[in-house]
Amino acid sequence: MKIASFNINGIKARIEALTSWLAGADVDVVVLQEIKSVDEGFPRDHFSDLGWNVETHGQKGFNGVAILSRLPLEDVSRGLPGDDSDEQARYIEATVMGDQAVRLAGLYLPNGNPVPGPKYDYKLAWMERLRKRAAELLDLEMPVVMLGDYNVIPEARDAAKPEKWVDDALFLPQSRAALRAIQWQGWTDAIRIREPWAQRGPFTFWDYQAGAWNRDDGIRIDHLLLSPQAADLMVETGVDRDARAGDKPSDHVPVWVRLAA
DNA sequence: ATGGTTGACTTTCAA
């Protein structure tokens, strides 16, 4: 089972680039972030006609997550538990029915800028809710993949120019500590362990501004965290960097893992 | 220090 995450930065603007990537990526299931669409505005028929099961959790204008799957999805749940007053659409879970059942949590973690301020407070509160949900997912003792746009640069080597990010919500010590607190529950960072000795990168996001892509001025903020039962099934992982060079690209590229499931 | 770009949606915010 090949599982991917892709922040598409607007489904309406990205329908062609996403469709083209899906045609060549050989993925069984992909979680999407920043669909920037309400559920009714998502081009569901376009993807279901191509053989995808479609589950969305959208909102008007911003945020929004979705799952496209060639395999059946069961027990879909929308929204991150822990705050009934939170109306931002950033989290969706489902169980993918492959040779083995795999629980997926697709997430779009708050950006948190500017710092300080209510947006950063919201980011840290959201991460604490995610930590609690992640512990529950580990208690399932089944293959779980928690993946998406985490909006956190884990380490200095995950940025081309870490000095640019020292005051940014994506790289502040509190943000990185909150991510580590989740990882240390027992999650495996699939992209990092592919080349644990890497001095720099791989990157998953390049800003549209200031020629960041052409200068390879990127950061790694899209992550796949695997429960121990999922990590035991991992056979391959990667970053589809070429997607950033296509026509009308998103500012993020897909990240993926293949499980023997 | 500033600026640079894109998307959704109206004119400005979010990233």
When rounded to the nearest Å, what value does the distance between [atom1] atoms of [N] and [M] take?
N      : M      : atom1 : value
B/dT11 : B/dG7  : C1'   : 14 Å
B/dG4  : B/dA15 : C1'   : 13 Å
B/dA14 : B/dC9  : P     : 14 Å
B/dT6  : B/dT2  : P     : 23 Å

Check the distance between [N]'s [atom2] and [X]'s [atom1] and give it to me in whole angstrom.
X        : N      : atom1 : atom2 : answer
A/Lys123 : B/dA15 : NZ    : C1'   : 11 Å
A/Arg14  : B/dT6  : CZ    : P     : 10 Å
A/His252 : B/dG7  : NE2   : C1'   : 13 Å
A/Ile15  : B/dT6  : CD1   : P     : 20 Å
A/Trp213 : B/dT5  : CH2   : P     : 18 Å
A/Lys161 : B/dG4  : NZ    : C1'   : 13 Å
A/Asn7   : B/dA14 : CG    : P     : 17 Å
A/Asn151 : B/dA14 : CG    : P     : 14 Å

Nearest to the side chain of [X], heavy atoms from C-beta on, is which of [options]?
X        : options               : answer
A/Gln209 : B/dT5, B/dT6, B/dA8   : B/dT5
A/Asn63  : B/dA8, B/dT6, B/dA15  : B/dA15
A/Tyr108 : B/dA8, B/dA15, B/dA14 : B/dA15
A/Lys12  : B/dA8, B/dA15, B/dG7  : B/dA8
A/Phe62  : B/dA15, B/dA14, B/dA8 : B/dA14
A/Tyr208 : B/dA14, B/dT5, B/dC9  : B/dT5
A/Lys119 : B/dA8, B/dA15, B/dT6  : B/dA15

Flag the pair A/Arg244 and A/Asp216 as a salt bridge only when some basic side-chain nitrogen lies within less than 4.0 angstrom of an acidic carboxylate oxygen.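 Not counted as a salt bridge, because no side-chain N and carboxylate O are separated by less than 4.0 Å.
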Does A/Asp158 come within less than 4.0 Å of A/Arg176, counting only side-chain N to carboxylate O?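 Result for this pair is no, no salt bridge flagged.
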Under 4.0 Å, counting only non-hydrogen atoms across every strand here, what does A/Phe205 touch: a base, just sugar-phosphate, or nothing?
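It contacts nothing in the nucleic acid.
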| request: Would you classify A/Arg90 as touching base, sugar-phosphate or nothing, given that sugar-phosphate means primed atoms plus P, OP1 and OP2, and contacts are heavy atoms under 4.0 Å? | output: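 Sugar-phosphate: the residue A/Arg90, judged by heavy atoms under 4.0 Å, touches backbone atoms but no base.
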Let me spell it out: for each of A/Asp149 and A/Lys36, pick the nucleotide of DNA chain B with the closest heavy atom. Which residue's pick is nearer the 5' end?
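Nearest nucleotide further toward 5': that of A/Lys36.
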> Considering the options A/Leu147, A/Val31, A/Thr188, which one meets the side chain to side chain contact (heavy atoms under 4.5 Å, CB included) requirement together with A/Leu224?
Replying inline: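 Result for side chain to side chain contact (heavy atoms under 4.5 Å, CB included) with A/Leu224: A/Leu147.
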Sort out for me which residue in A/Asp240, A/Ile191, A/Asp26 forms a side chain to side chain contact (heavy atoms under 4.5 Å, CB included) with A/Trp256.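 The single option meeting the side chain to side chain contact (heavy atoms under 4.5 Å, CB included) with A/Trp256 is A/Asp240.
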_For a quick test of reading the model: is some side-chain N or O of A/Lys248 closer than 4.0 Å to OP1 or OP2 of B/dT6?_
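No, because none of the side-chain N or O atoms of A/Lys248 sits under 4.0 Å from OP1 or OP2 of B/dT6.
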- Applying the side chain to side chain donor-acceptor pair (under 3.5 Å) test to A/Arg78, which of A/His57, A/Glu55, A/Glu93 qualifies?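 That would be A/Glu55; it is the only one of A/His57, A/Glu55, A/Glu93 passing the side chain to side chain donor-acceptor pair (under 3.5 Å) with A/Arg78.
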> Are there more than 12 heavy atoms of other residues, nucleotides or ligands under 6.0 Å from atom CD of A/Glu163?
Replying inline: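 More than 12 within 6.0 Å, yes.
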